[in-house]
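Here the structure comes first, spelled out in structure tokens, and everything after it is commentary.
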Amino acid sequence: MSRTVAFLRGVGGPTSLKMSALREVLASAGLGEVDTLQVAGNVVLDDGGRSPREVADRVRGAVREAFGFDLPVIVRTHAELADAHARNPFADAAEGRWVQTVFLADPPAPGASLDVPADFPEEAVLDGCEVFVRYPEGIGGSKLQAGWFEKRLGVTGTARNANTVATLVAMSA
């Protein structure tokens, strides 16, 4: 049986979480066997028949109650995550860590557009509830971070690189 992936947005620095404690809290919240990847809020769990929105609400509430952090949570089923990975037009780029998917919590606002300025080296494609971004000069100095997309599209998002997405697809299978 495939599993579900929850992306916690903003994990790190003042909102850092110990992944072992996070796994314990989420398992206690009825989310079954919980696995994490890295220390960036990538969680693979059992949805127990709940919708992605219900899972997001449950994870967010458990994190808020246990750790005091109200972090946005974006959820994708295994099938949705695998589909997003397959649709990424930059997935075959030589450097997977410089290709990101910005997972959006909701569809973009009607009429929202994604126009990357012509003088930016990055390429970005909006497709459904994901934005696929290629950073040919690296991510660190880019102005096109998740917040840039959130502002233009009117929705919350969180980014993961192609290598991480591929690993999460395998973990949730």
Side-chain angles (χ1 to χ4, degrees), residues 1-12 15 26 29 31 36-38 40-64 69-93 96-118 120 122-135 139 142-173:
M1 179 172 92
S2 62
R3 302 173 73 209
T4 295
V5 176
F7 299 105
L8 282 71
R9 181 177 173 268
V11 172
T15 57
L26 297 180
L31 295 165
T36 55
L37 176 65
Q38 303 162 340
N42 302 306
V43 181
V44 180
L45 47 79
D46 301 320
D47 63 26
R50 295 175 192 91
S51 72
R53 179 68 67 195
E54 291 169 322
V55 171
D57 290 345
R58 183 168 287 226
V59 170
R60 188 172 190 165
V63 168
R64 184 175 44 244
F69 304 136
D70 189 20
L71 303 175
V73 178
I74 297 170
V75 173
R76 296 292 189 270
T77 65
H78 167 75
E80 290 169 334
L81 188 65
D83 177 62
H85 185 58
R87 286 184 289 115
N88 188 334
F90 310 118
D92 292 331
R97 65 189 172 108
W98 288 356
V99 171
Q100 289 195 334
T101 301
V102 180
F103 294 96
L104 305 174
D106 297 295
S113 67
L114 184 66
D115 297 319
V116 176
F120 283 28
E122 297 85 2
E123 299 173 76
V125 174
L126 172 63
D127 185 0
C129 286
E130 285 84 31
V131 178
F132 304 110
V133 190
R134 181 174 173 267
Y135 297 88
I139 295 170
S142 174
K143 294 178 183 174
L144 294 186
Q145 303 298 330
W148 189 92
F149 296 106
E150 287 178 324
K151 188 175 188 179
R152 277 148 188 84
L153 299 174
V155 297
T156 299
T158 189
R160 299 299 188 272
N161 74 38
N163 296 338
T164 298
V165 173
T167 301
L168 289 167
V169 168
M171 286 176 69
S172 63

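- Residues M171 and R3 come closest through the heavy atom pair O-NH1, 4.4 Å.
- Residues forming a salt bridge (charged side-chain N to carboxylate O under 4.0 Å, His left out) with E54 (at least two apart in sequence, or on another chain): none.
- Judged by distance alone, the side chain of R87 and the main-chain N or O of D127 form a donor-acceptor pair under 3.5 Å.
- Residues satisfying the salt bridge (charged side-chain N to carboxylate O under 4.0 Å, His left out) criterion with R64, sequence neighbours excluded, are D70.
- Between L81 and L168 the shortest side-chain heavy-atom distance falls below 4.5 Å.
- For the atom pair CG (L8) and CG (L26), the distance works out to 7.5 Å, reported to the nearest 0.5 Å.
- How far CD1 of I139 is from CH2 of W98: 8.5 Å, rounded to the nearest 0.5 Å.
- When side chains are defined from C-beta on, L37 does not count as touching V44, because their heavy atoms never get closer than 4.5 Å.
- Shown here for V75 and E80, the closest heavy-atom pair between the two residues is O-OE1, 4.2 Å.
- Using a 4.5 Å heavy-atom threshold, the side chains of L71 and R60 count as separate.
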Show me, pair by pair, the donor-acceptor contacts under 3.5 angstrom made by side chains of residues 101-115, not counting sequence neighbours?
from : atom 1 : to   : atom 2 : distance (Å)
D106 : OD1    : R53  : NH2    : 2.5
S113 : OG     : D115 : OD2    : 3.3

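- Contact record, E122 with V116: O-CG1, 3.8 Å, taken as the closest heavy-atom pair.
- One distance of note links CG of N163 with CD of Q100; it measures 10.5 Å at 0.5 Å rounding.
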Report all side-chain donor-acceptor pairs from residues 146-157 shorter than 3.5 Å, counting only partners two or more places apart or in another chain.
from : atom 1 : to   : atom 2 : distance (Å)
E150 : OE1    : R9   : NH2    : 2.9
E150 : OE2    : R9   : NE     : 3.1
E150 : OE2    : R9   : NH2    : 3.4
E150 : OE2    : G157 : N      : 2.8
R152 : NH1    : W148 : O      : 3.2

What do the steps show when you test N42 against F7 for side chain to side chain contact (heavy atoms under 4.5 Å, CB included), and what is the final call?
CA-CA 5 Å; N42 302 306; F7 299 105; 3.6 Å; yes

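- Between atom CD of residue E130 and atom CG of residue D83 there is a gap of 7.5 Å, rounded to the nearest 0.5 Å.
- With rounding to the nearest 0.5 angstrom, the NE2 atom of H85 is 15.0 Å from the CZ atom of R76.
- How far OG1 of T4 is from CG of D46: 8.0 Å, rounded to the nearest 0.5 Å.
- Every residue was checked against the ring pair (Phe, Tyr, Trp, His ring centres under 6.0 Å) condition with Y135, not counting sequence neighbours, and none meets it.
- With hydrogens and angles disregarded, a donor-acceptor distance shorter than 3.5 Å links the side chain of R160 to the backbone of A40.
- Residues V11 and G41 come closest through the heavy atom pair CG2-CA, 3.9 Å.
- Scored by the salt bridge (charged side-chain N to carboxylate O under 4.0 Å, His left out) test, D57 finds no partners at all (sequence neighbours excluded).
- In this structure, the side chains of L45 and V59 come closer than 4.5 Å at one or more pairs of heavy atoms.
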